[in-house]
Participant: 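Take this structure first; my questions come after.
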Amino acid sequence: MNVAIYPGSFDPFTNGHLDILNRARAVFDRVIVLVAVNGAKKSEFSTAERLEILREALKEMENVEVDSYEGLTVDYAKRRGAKHIIRGLRAVTDFEYEFQLASANRFACPGIDMVFFMASAENSFISSSVVKELRRNGADVSSLVPESVIKAYERKGL
Ligand code: ADP
């Protein structure tokens with residue numbers, strides 16, 4: 001079975017992430033969406049909340065699994081027998097960071113490769129930060145994120 005990991009902060013998960021996931025799961029037998037836990041990063045949603053949002057949003061997708069991990073994604077991938085890590089690319093600005101990340105992953109684990117999907121034009125401006133900024137200032141973000149994100153915002157009173 002050809003398994004791939006799609007790691008990210010997903011704080012929160014957006015329709016941009018969803019687009020990349022849908023395209024990745026058309027290529028791989030199974031995709032594991034991995035909430036990468038990074039203690040140093042300040043997040044709006046806790047790991048448990050992010051997992052709950054993802055499980056709700058992706059529950060109909062049979063070849064998709066949701067998990068979280070604190071540590072190197074390549075170590076998690078090795079443990080799960082995955083040989084590919086999925087990432088998305090929006091503007092050129094993403095390239096430099098992703099290129100560095102790919103090189104670091106290759107250094108840590110040469111047997112695992114990164115696979116990149118380009119953002120669709122209509123999703124290319126969507127990022128978790130944009131969603132947070134808009135929501136914080138009272139804008140309607142319901143067309144930018146799955147419904148489970150809106151529900152999570154409402155539960156938190158944000
Ligand atoms: P991280 O904090 O690890 O960069 P993110 O949660 O911001 O994680 O994003 C995870 C991955 O999804 C990254 O590769 C990012 O470039 C990609 N991504 C985020 N938003 C979009 C989008 N609108 N279109 C395509 N890819 C995206």
Side-chain angles (χ1 to χ4, degrees), residues 3-28 30-58 61 63-77 80 82-109 112-136 139-150 152-153 158:
V3 181
I5 313 289
Y6 179 28
S9 306
F10 305 125
D11 183 45
F13 191 70
T14 68
N15 288 345
H17 294 131
L18 186 62
D19 174 36
I20 299 299
L21 173 63
N22 275 325
R23 284 152 60 199
R25 71 194 190 93
V27 175
F28 293 94
R30 189 167 191 80
V31 178
I32 303 169
V33 181
L34 189 70
V35 175
V37 182
N38 180 348
K41 250 189 189 177
K42 208 181 158 294
S43 58
E44 188 147 82
F45 292 97
S46 69
T47 305
E49 286 167 335
R50 282 180 268 168
L51 285 171
E52 196 185 343
I53 289 170
L54 281 160
R55 292 210 168 101
E56 171 68 22
L58 312 177
M61 297 185 185
N63 62 342
V64 172
E65 189 185 318
V66 174
D67 201 358
S68 64
Y69 188 67
E70 185 164 7
L72 294 179
T73 304
V74 285
D75 288 337
Y76 178 88
R80 297 300 308 267
K83 295 231 168 348
H84 296 95
I85 294 175
I86 311 290
R87 298 286 287 178
L89 287 175
R90 282 158 295 187
V92 225
T93 40
D94 274 343
F95 179 82
E96 214 165 315
Y97 174 69
E98 295 294 341
F99 185 66
Q100 192 180 35
L101 192 63
S103 306
N105 281 341
R106 212 163 193 37
F107 168 79
C109 186
I112 295 178
D113 224 336
M114 312 266 295
V115 177
F116 296 92
F117 289 87
M118 296 286 182
S120 314
E122 67 271 26
N123 289 323
S124 62
F125 76 98
I126 310 175
S127 69
S128 300
S129 324
V130 160
V131 167
K132 281 185 273 202
E133 188 63 23
L134 288 171
R135 174 87 190 183
R136 210 175 289 139
D140 176 9
V141 295
S142 57
S143 60
L144 306 181
V145 294
E147 207 190 323
S148 62
V149 173
I150 303 295
Y153 268 124
L158 292 175

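First listed ligand is number 1; within each ligand, the first listed atom is number 1.
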Participant: Quick check on contacts: which atoms of ligand 1 are under 4.0 angstrom from a heavy atom of D94?
Facilitator: 16 (O)
Participant: Any nitrogen or oxygen of S128, side chain or backbone, less than 3.5 Å from one on ligand 1?
Facilitator: no
Participant: Near I20, which atoms of ligand 1 are under 4.0 Å from a heavy atom of that residue?
Facilitator: 25 (C), 26 (N)
Participant: What about I126: any of its N or O atoms under 3.5 Å from an N or O on ligand 1?
Facilitator: yes
Participant: Kindly determine whether I150 and R135 satisfy side-chain contact (heavy atoms from CB on, under 4.5 Å), including the steps that lead there.
Facilitator: CA-CA 10 Å; I150 303 295; R135 174 87 190 183; 4.2 Å; yes
Participant: Going from CD on E65 to CZ on R55, what distance comes out if it is rounded to the nearest 0.5 angstrom?
Facilitator: 8.5 Å
Participant: Who passes side chain to side chain contact (heavy atoms under 4.5 Å, CB included) against R106, sequence neighbours left out?
Facilitator: D113
Participant: In sequence, state the C-alpha distance, the side-chain angles, and the governing distance for I86 and I5, and then conclude on side-chain contact (heavy atoms from CB on, under 4.5 Å).
Facilitator: CA-CA 6 Å; I86 311 290; I5 313 289; over 6 Å; no
Participant: Using distance alone, decide if ligand 1 has a nitrogen or oxygen within less than 3.5 Å of any nitrogen or oxygen in N123.
Facilitator: yes
Participant: Are any of the N/O atoms in E98 less than 3.5 Å from those in ligand 1?
Facilitator: yes
Participant: Please round to the nearest 0.5 Å and tell me the distance separating atom CZ of F45 and atom CZ of F13.
Facilitator: 13.5 Å
Participant: Which residue supplies the protein heavy atom nearest to atom 6 (O) of ligand 1, what is that atom called, and how far is it?
Facilitator: F10 N, 2.9 Å
Participant: Testing the 3.5 Å rule here: is there a donor-acceptor pair between the side chains of Y76 and D67?
Facilitator: yes
Participant: Where do S128 and H17 land on the side-chain contact (heavy atoms from CB on, under 4.5 Å) test, with the steps shown first?
Facilitator: CA-CA 9 Å; S128 300; H17 294 131; 3.5 Å; yes
Participant: Does an N or O anywhere in T14 fall below 3.5 Å from an N or O of ligand 1?
Facilitator: no
Participant: Counting only heavy atoms closer than 4.0 Å, does ligand 1 sit against the backbone of Y6, its side chain, both, or neither?
Facilitator: side chain
Participant: Within the structure, does K41 bring an N/O atom to less than 3.5 angstrom of an N/O atom in ligand 1?
Facilitator: yes
Participant: Please report which non-hydrogen protein atom sits nearest to atom 21 (C) of ligand 1, along with the residue it belongs to and the distance in Å to one decimal place.
Facilitator: R90 CD, 3.6 Å
Participant: Is a side-chain N or O of R23 found less than 3.5 angstrom from the main chain of F117, in a donor-acceptor match?
Facilitator: no
Participant: May I have all residue pairs that pass salt bridge (Lys or Arg N to Asp or Glu O under 4.0 Å) and include part of residues 115-134, sequence neighbours excluded?
Facilitator: D11-K132, E133-R136
Participant: Could you find the nearest protein heavy atom to atom 3 (O) of ligand 1 and give me its residue, atom name and distance?
Facilitator: R87 NH1, 3.2 Å
Participant: Quiz question: by atom type and distance under 3.5 Å, do the side chains of N63 and R25 form a donor-acceptor pair?
Facilitator: yes
Participant: What's the spacing between T14 OG1 and F125 CZ if we round to 0.5 Å?
Facilitator: 9.5 Å
Participant: Numbering the atoms of ligand 1 from 1, which are under 4.0 Å from a heavy atom of G8?
Facilitator: 3 (O), 6 (O), 8 (O), 10 (C)
Participant: Which residue owns the protein heavy atom closest to atom 9 (O) of ligand 1, what's the atom, and how far is it?
Facilitator: H17 NE2, 3.2 Å
Participant: Tell me the nearest of P7, A119, G88 to atom 17 (C) of ligand 1, using heavy-atom distances.
Facilitator: G88
Participant: Note the single closest protein heavy atom to atom 8 (O) of ligand 1, along with its residue, its atom name and the distance in Å.
Facilitator: S9 N, 3.2 Å
Participant: Please state which part of M118 comes within less than 4.0 Å of ligand 1, counting heavy atoms only: side chain, backbone, both or neither.
Facilitator: neither
